[in-house]
Chemist: 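Take a look at this one; I'll ask things after.
A note on names: the letters A, B, ... follow the listed sequences, proteins ahead of strands, and every chain is numbered from 1.
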Amino acid sequence: MRIIKSTALSFIILIMCFSLSAQENIKIKKSDFQIDIKEVGLKEAWKEVKEGERLFTAGIGTFPDALKHYLKAKKYNSDCAELNYKIGVCYLVTDKFYYATEFLEKAYLKDNNVADDIHYMLARGYHLNLDFDNAIEQYKAYYSSFSVKELDKFEVGVDNYIRQCKYGKELVNEPVRVIINNLGERINSEYDDYNPVLHPNQDQLYFTSRREVDKKDKVYEGDNKYYENIFVSEQAGELWRKPKVLENKIDSKNNESVVAISADGNFIYLYNGEEGGGDIMVSELKKGNWKSPKGISGKILSKDQETTITFSPDGTEMFFVSNQNGTIGGKDIFYSKLNVKDKWSEPVNMGAAINTIYDEEGVFWHPKEDKVYFSSQGHNSMGEFDVFVIERDVSGMWSNPENLGYPINTPNDDIFFKMDENGKQAYYSSVRDNGFGGKDLYKIIFLGEEKELKLSQEDNLLVWNHKPVEKLFYHTPDETKVDTALYMIGLVTDSKTAEKIELAKIEVIDLELSQVIATGLADTAGAYKIKIPKKKDYGVEVTAKDYLFFVEITYLSQKQIVDSEVQANFQLDKIDVGAKMVLNNIFFETSKATIKPESEGELELLANLLIENPTIRLEISGHTDNVGSYRVNQKLSESRAKSVVEYLVTKGVGSSRLEFKGYAFNQPIADNNTADGRAQNRRVEFKVISK
Amino acid sequence: MKKTLFTFSVILASLSLLAQTSDSLEDEIKELQKKAKLTFNEGVRFTIDEKYTEAHLKFDEALFLLPEYDLPYLERAKIKILNQEFDLAMNDIAKAIEINEESGESYYIRGYMKLLMKDYQNALTDFTHAIQKGYAKPESYYFRGLMHFELSDFNSALIDFTLAIDKKYDFAYAYNERGSSKRMLGDYHGAIHDYKQTLAYDSTIVIAYDNMGSCKIKTGDFQGAIEDYTKAFQNDNEYYTALNNRGCAHYQMGDFESALKDFARVIEINKEYAQAYNNSGITKIKMANYLGAEKDLDKALELNPEYAEAYMNRGYAKEFLGKFSGACSDWKMALELGIEEAAKYITECE
């Protein structure tokens, strides 16, 4: 639709992405692209490469088209370093920039020297994806790849990028509370859509787009994109209607864009890409129609470029952006005021506090407050244009620019910010990962001050809320009040004659603790009384002079308590030749003669018996059940008896007093047909053979 | 003890007078006393063996033999308290006090019963009476300390727990409670010391790890806190609140992935634990998963419709989802439920 060569507002912005270093147009050689031997699909793939190369060479505007062909070619050879480089570079200039690093990393991996600017492209990819640490590393690598002579021309740019990364880290760590919504496919297109301007009545949204309007449209040779057109959309409830191209007198044959509308809605300000290298024009609304635009009166316009303009709420002051004489660098913000003759004063550069050596753009004065929003590539931008705000105090001084913060600002272009009257919503253009292509229009909803989230930690401060305290509460009545003690009583007698055995020693063993917990002696009448802590089952060992010891478990828990007493009588066998005793508490490892440690108690008793009765001689015999051959069982039973003898010898018993024999299963004491019987038959016993 | 014997003497004397004192009557009374005492002893033995039914019968029998005998009433009251039969227990305690009003143990038992009934003020009075009347056991101070704590008098609680520890140096429970008293008074390092003592004497008190972790958070030692919460959970796999607290520590350290895992594990253990859904919700908010957050917070509020904090948080999630009227409604609920700071959010959203 536009045919005249002029400067597009978006072109001015977009080229910044590659201002530091034009991407290198490395050639994809067929020999490098072709996979060894594999010819199938090569012809078609190479055709795609060639078409991609053509579009890539044409300029950034056709990078997205080049990308489509490169991606098709990649199906043939996904490992070609040059192809991966080109795909990565193309992605960098689209709103799918987050795919770029994957391909650039692969290109670098395949060939560290794939392109001179590979580190730069990688840095851009990381930078745009908020991976600031890696970006800084790659920017430094890029910088160090130049010779000393070449460094001067790169130093400022690389330094700035590195600085942006550092600012970016800070800003991302303290995000501002906003919702950012894409205005949707009704407004946005796959092409660049930008510079939203809301009519003061809030019912119309003007914006600029570089979409194709009809087939006759030509592209601007500067960036190979379609020329700018002004679109307007009417509000319909919460949504915006499908936009229409503005077809009237304000729509000239040049590149143009609506940049502001006066507070009363009677004047519309336009950027015209042809006039004076790019000027701001104004059109007045008369009888419902826009008149032909004219240049702004006064000394605002220059032979250089003026792009955006904004007015104070009362219309007596203005800011505009220009690269006219007197800039600090690139485009700056200038100020002008209506004088007493109702003429705009000589523009004044806003100075180094607001303008930087980089570009400032997209200036906008809040409709009600003394706040001015603009975008800048300088200050503490996190990358390309970020939105900033300055505020005028009561003395008329403007504050230092404040970055609106992440996620409003990103490492990509965030520009043409327009706030609504109550400060709760704003519109701007940005390149984000949920877009429809290129720049899109977004609505920002400000969520007000930070709200505290409420974490629920649970405290169980006191034990008594967590564990029962009944045990603490309950006290047994004091002994002085009542005697709750329990006694074990009984008689110790001779097993054959029933004679009372005096001075027999009784030891009570807590089976759980394996400890002697009470000891008592039988009196001259063979009677004993031992205080025990509780009515439960205990182990009891009884020893007396001239008698074999006695070991057993007394099942007190099953006995009746009568007047705090539980009765348990014990019968001992006298030491006589022929007297026998089964040692029930001697244990061996399975099928071995190794004595287990838990046997020690009973072996000690046996050793003591021998030591206290130095004249007696014993035969220690081993016995088995009838499982297995006689020969094996005889050997095992004998070995076990021998182990016991050896133990006793270590305790000081003379070996001449001891004999050992293995009887295998020849002397059963129980039925070998039952498991219980076989267990009883597996035993060690001793017999007194002389005294 | 002295009073009890005195009571027997009075009974003896009365009976003697009525019966025109005779040796045979005195012997009969002594025999009765002896039988009652032996029966009582048997009852106590059953109690020790936790055979409460048999014990109760023995105490009944002892009282049948000697109705003016205070100790069986107290032992019977203890059994009734364990069975939560507070009215019946109260009758027995009242009778014991009537027989022997100088018995500190009667007040101790009544105090404990009131503690269980959450009548903390009267429990405090009873424990104080018990101590004044000589029943100054470590547990008497411990329970009185608990009552002070529950009534938010942390200074007095601290003193009583210290007295309990003075009387019983290895009183693990008292160390923990004293630690918590110190914590409430802002002495986090002192509290940590007491929690360590608790565990030295009884490593099964896992809440001491939990409490120690919470104190470390207050001192900024998040990593230490995480280790303590981990130990609490390792020692008791059902103790999910420690896991919840560990999640909170991860959250406060900004490790949202780990926090989310902890909250998910808590929910696995107890699907009805609303706090975990709340915490999971706000973690998702921090991770910008507002839809997921809203879902979790919906669940928290389904489980506990009076959960003011969850309304606050859901409002936050809804705000980010652009559901401004819903957010406003949630903040209004939070305000109604007592979170006053919600008022300014409501002003903002309206």
Side-chain angles (χ1 to χ4, degrees), chain A residues 173 175 177-181 238 407 422-425 443-486 532-536 557 560-566, chain B residues 1 4 37-38 40-42 44-45 47-49 71 75 78 81-82 105 109 112 137 139 142-143 146 149 172-173 176-177 180 183-184 198 204-205 207-208 210-211 214 241 244-245 248 251-252 274-275 278-279 282 285-286 308-310 312-313 315-316 319-322 339 341 344-345 348:
Chain A
N173 280 336
R177 289 171 34 79
V178 289
I179 301 172
I180 300 174
N181 290 330
E238 291 283 302
N422 59 24
K424 287 194 169 180
Q425 292 182 3
K443 180 180 177 179
I444 304 168
I445 301 165
F446 290 85
L447 298 179
E449 67 175 81
E450 178 64 36
K451 296 169 181 67
E452 192 189 340
L453 287 167
K454 302 283 183 187
L455 196 63
S456 286
Q457 193 161 348
E458 186 163 328
D459 283 327
N460 299 303
L461 288 163
L462 304 173
V463 189
W464 90 277
N465 284 325
H466 187 65
K467 287 182 82 137
V469 289
E470 285 95 349
K471 300 270 184 204
L472 292 182
F473 155 66
Y474 184 78
H475 296 135
T476 307
D478 291 346
E479 271 190 282
T480 47
K481 280 183 185 169
V482 286
D483 184 3
T484 57
L486 189 62
I532 52 172
K534 207 171 176 184
K535 184 189 167 193
K536 66 172 193 174
S557 60
Q560 188 75 26
I561 297 173
V562 180
D563 289 344
S564 307
E565 291 171 349
V566 186
Chain B
M1 177 60 198
T4 304
K37 190 177 166 184
L38 284 171
F40 172 72
N41 285 359
E42 285 176 40
V44 171
R45 236 177 260 118
T47 308
I48 292 168
D49 290 340
L71 295 180
E75 291 304 310
K78 288 178 189 174
I81 289 170
L82 291 175
E105 190 179 8
I109 293 166
Y112 179 76
K137 290 186 175 288
E139 291 79 7
Y142 171 79
F143 285 122
L146 282 183
F149 191 100
Y173 281 47
N176 180 80
E177 325 300 41
S180 293
R183 180 174 157 194
M184 299 309 285
T198 308
T204 68
I205 301 177
I207 72 158
D210 191 13
N211 285 328
S214 298
T241 53
N244 179 62
N245 290 345
C248 292
Y251 174 94
Q252 286 166 289
Q275 284 98 317
N278 175 74
N279 293 338
I282 65 167
I285 287 174
K286 287 287 185 186
E309 288 81 4
M312 283 291 281
N313 295 332
Y316 194 115
E319 188 188 33
F320 265 98
L321 290 167
I339 298 186
E341 67 187 276
K344 62 181 176 186
Y345 302 165
E348 196 181 279

Chemist: For the backbone of A/Q457 and the side chain of B/N244, can you confirm whether one donor and one acceptor N or O come within less than 3.5 Å of each other?
Modeler: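 No, the answer is negative, given that no donor and acceptor are paired below the 3.5 Å cut-off.
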Chemist: What heavy-atom pair brings A/V463 and B/N176 nearest, and what distance separates the two atoms?
Modeler: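 For A/V463 versus B/N176, the nearest heavy atoms are CG2-ND2, 3.2 Å.
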Chemist: Heavy-atom distance under 4.5 Å to chain B: side chain of A/I179, backbone, both or neither?
Modeler: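 For A/I179, the contact with chain B is made by the side chain alone.
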Chemist: Give, for atom NZ of A/K424 and atom CD of B/E348, the distance between the pair rounded to the nearest 0.5 Å.
Modeler: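 Between A/K424 NZ and B/E348 CD, I get 6.5 Å after rounding to 0.5 Å.
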Chemist: Less than 4.5 Å apart, side chain to side chain, heavy atoms only: is that true for A/F473 and B/I109?
Modeler: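 Yes, at least one pair of side-chain atoms sits under 4.5 Å.
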Chemist: Quick one: closest heavy-atom pair of B/Q275 and A/S456, and the distance?
Modeler: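 Minimum heavy-atom contact is CG-CB, 3.6 Å.
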Chemist: Relative to chain B, which segment of A/V469 carries a heavy atom at a distance below 4.5 Å: side chain, backbone, both, or neither?
Modeler: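 Contact with chain B: backbone and side chain both.
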Chemist: Checking heavy atoms, do the side chain of B/L146, its backbone, both or neither come under 4.5 Å from chain A?
Modeler: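 Side chain of B/L146 only, per the 4.5 Å heavy-atom cut-off to chain A.
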Chemist: Tell me the closest heavy-atom pair linking A/D459 and B/R183, and the distance in Å.
Modeler: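 A/D459 and B/R183 have their closest heavy atoms at OD1-NH2, 2.7 Å.
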Chemist: Short question: side chain of B/N211, backbone of A/L461 - any donor-acceptor pair under 3.5 Å?
Modeler: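 Answer holds: yes.
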Chemist: So, taking the atom named CZ in B/F149 and the one named CG in A/N465, what distance separates them when rounded to the nearest 0.5 Å?
Modeler: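 If I round to the nearest 0.5 Å, the distance is 9.0 Å.
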Chemist: So do B/M312 and A/E452 actually touch side chain to side chain, heavy atoms under 4.5 Å?
Modeler: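 Result no, sub-4.5 Å side-chain heavy-atom pair not found.
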Chemist: Less than 4.5 Å to any heavy atom of chain B: does that hold for the side chain of A/L472, its backbone, both, or neither?
Modeler: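 Contact with chain B involves both backbone and side-chain atoms of A/L472.
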Chemist: So do B/Y316 and A/R177 actually touch side chain to side chain, heavy atoms under 4.5 Å?
Modeler: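 Yes - at least one pair of side-chain heavy atoms lies under 4.5 Å apart.
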Chemist: Output the distance between atom CG (A/L453) and atom CD1 (B/I285), rounded to the nearest 0.5 Å.
Modeler: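 Between A/L453 CG and B/I285 CD1, I get 5.0 Å after rounding to 0.5 Å.
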Chemist: Please flag which part of B/F320 lies under 4.5 Å from any non-hydrogen atom of chain A: side chain, backbone, both or neither.
Modeler: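 Interface part for B/F320: both.
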Chemist: Going from SG on B/C248 to CG on A/L455, what distance comes out if it is rounded to the nearest 0.5 angstrom?
Modeler: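 One gets 3.5 Å once the value is rounded to the nearest 0.5 Å.
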Chemist: Any idea which of B/E177, B/E309, B/K286, B/M184 has the most non-hydrogen atom pairs under 4.5 angstrom with chain A?
Modeler: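 So the answer, after comparing B/E177, B/E309, B/K286, B/M184, is B/E177.
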Chemist: Side chain, backbone, both or neither: which part of B/T198 has an atom under 4.5 Å from a heavy atom of chain A?
Modeler: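 Neither; nothing under 4.5 Å.
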Chemist: Which bit of B/E139 is near chain A, if near means a heavy-atom gap under 4.5 Å: side chain, backbone, both or neither?
Modeler: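 Just its side chain gets close to chain A.
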Chemist: Ignoring hydrogens, what is the shortest heavy-atom contact between A/E458 and B/N245? Give both atom names and the distance.
Modeler: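 It is O-ND2, 2.8 Å.
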Chemist: Against chain B, label A/N181 side chain, backbone, both or neither, depending on which of its atoms sit under 4.5 Å from a heavy atom there.
Modeler: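 The answer is neither part of A/N181.
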Chemist: Quick one: does A/K454's side chain get under 4.5 Å of B/I282's, heavy atoms only?
Modeler: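 No, side chains not in contact.
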Chemist: Should A/W464 and B/Y142 be marked as a side-chain contact (heavy atoms from CB on, under 4.5 Å) after you check the CA-CA gap, both sets of side-chain angles, and the distance that decides it?
Modeler: CA-CA 10 Å; A/W464 90 277; B/Y142 171 79; 3.7 Å; yes
